[in-house]
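Scroll down for the structure; my scribbles are underneath it.
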Amino acid sequence: MKLSRILLFFSDIKPILLSHHPNCTAFSNHVYNLGRFKLCIGCFTFYPTIVVTILFILTFFNLTLINLFVMFFISFVFFIPIVLNIFGLTKYKLLKILTKISIGIGTGLLIVSTVCLPIFLFIKISILIDIHFITGAIAYIRAKHIKERCLDCEFEGNWDRCHAMKPIMDKLYEHNFKRKKKSVNDDLKE
């Protein structure tokens, strides 16, 4: 795929590129509003928290075997808020932010302890893959909640009619990144 085609795709999805949510009032509690930018609370809290946690640990902690084991086991406590996500209890912005911070701290602790513990490489790789699985599960839950909220909307999840998503969808169709589904009426015309 040519670079220009990739750039065109990102240009088409630019309104939701950093927010990962339709830009409508139904998702106003899911984003940080920084000027004209809308940033996904999950991503822009979770990932920076991981980085800050890792840097903090590497800078201020003595990575002894005991400390690494304690970090490893304590990291799982920070994943408990995933339960709030699963049951859709993070409707309030502050709770959503605190949940992402907690999960980010847990992920940072788990990454450092896994990489630094003197365990078999196979076990390290397995744990790091599990971290990726947890992150993927969180993304799946987010996508599921977006779909549910869109289905409850007046547009019933039809992004071809939704005022927030229609301009994006039109560009994706125009540039052949997405194809319109044929309706029953289209089949009858042929």
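In this chain, residues are counted from 1 in sequence order.
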Do the non-hydrogen side-chain atoms of [X] and [Y] ever get within less than 4.5 Å of each other?
X    : Y    : value
P22  : C150 : yes
H30  : R149 : yes
F79  : L110 : yes
I168 : D12  : no
S19  : I16  : yes

When hydrophobic residues are tied together by side-chain contacts of less than 4.5 Å, even through go-betweens, does [X] share a cluster with [Y]?
X    : Y    : answer
V52  : F60  : no
I105 : V70  : yes
Y173 : L17  : yes
I57  : L55  : no
F76  : I101 : yes

By the definition side-chain contact (heavy atoms from CB on, under 4.5 Å), identify the one residue from R161, E174, K178, K180 that meets it with M169.
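Single side-chain contact (heavy atoms from CB on, under 4.5 Å) partner of M169 among R161, E174, K178, K180: K178.
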Which residues pass the side chain to side chain contact (heavy atoms under 4.5 Å, CB included) test with [X], not counting sequence neighbours?
X    : answer
K147 : L151
A143 : none
L18  : F37, L39, F44

Spacing of [X] atom [atom1] and [Y] atom [atom2] [to the nearest 0.5 Å]:
X    : Y    : atom1 : atom2 : result
I80  : I103 : CD1   : CD1   : 11.0 Å
L94  : K96  : CG    : NZ    : 11.5 Å
I74  : S113 : CD1   : OG    : 10.0 Å
D170 : D160 : CG    : CG    : 7.5 Å

Take L172 and F9 through the side-chain contact (heavy atoms from CB on, under 4.5 Å) test and state the conclusion after the steps.
CA-CA 7 Å; L172 292 173; F9 173 76; 3.9 Å; yes
Return the minimal non-hydrogen interatomic distance between [X] and [Y], and the atom names on each side.
X    : Y    : value
M71  : L63  : CE-CD2, 3.6 Å
P15  : N23  : O-ND2, 2.6 Å
F155 : H163 : CE1-ND1, 3.5 Å
I97  : I41  : CG1-CG2, 3.7 Å
H20  : C43  : CE1-SG, 3.3 Å

Return each pair, listed once, that meets side chain to side chain donor-acceptor pair (under 3.5 Å) where at least one residue sits in residues 36-56; pairs must be two or more places apart or across chains.
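Sorted result for residues 36-56: Y32-T45, N33-K38.
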Strictly distance-based, threshold 3.5 Å: is any side-chain N or O of [X] a donor or acceptor partner for the main-chain N or O of [Y]?
X    : Y   : result
N67  : F61 : no
K93  : V31 : yes
S102 : L98 : no

After noting the C-alpha distance and the side-chain angles of F72 and L109, does the key distance pass the side-chain contact (heavy atoms from CB on, under 4.5 Å) rule?
CA-CA 6 Å; F72 181 82; L109 288 168; over 6 Å; no
Residues, nucleotides or ligands: over 12 heavy atoms within 6.0 Å of I66 CD1:
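No, not enclosed.
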With sequence neighbours excluded, residues passing ring pair (Phe, Tyr, Trp, His ring centres under 6.0 Å) with F78
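Counting only residues at least two positions away or on another chain, F78 forms no ring pair (Phe, Tyr, Trp, His ring centres under 6.0 Å).
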Tell me, with the steps shown, if I13 and F177 meet side-chain contact (heavy atoms from CB on, under 4.5 Å).
CA-CA 11 Å; I13 65 167; F177 290 113; over 6 Å; no
Between side-chain atoms of residues 118-136 and protein atoms elsewhere (two or more places apart, or another chain), which donor-acceptor pairs fall under 3.5 Å?
{"from": "K124", "atom 1": "NZ", "to": "V115", "atom 2": "O", "distance (Å)": "2.7"}
{"from": "K124", "atom 1": "NZ", "to": "L117", "atom 2": "O", "distance (Å)": "3.0"}
{"from": "S126", "atom 1": "OG", "to": "F122", "atom 2": "O", "distance (Å)": "2.9"}
{"from": "T135", "atom 1": "OG1", "to": "I131", "atom 2": "O", "distance (Å)": "3.0"}

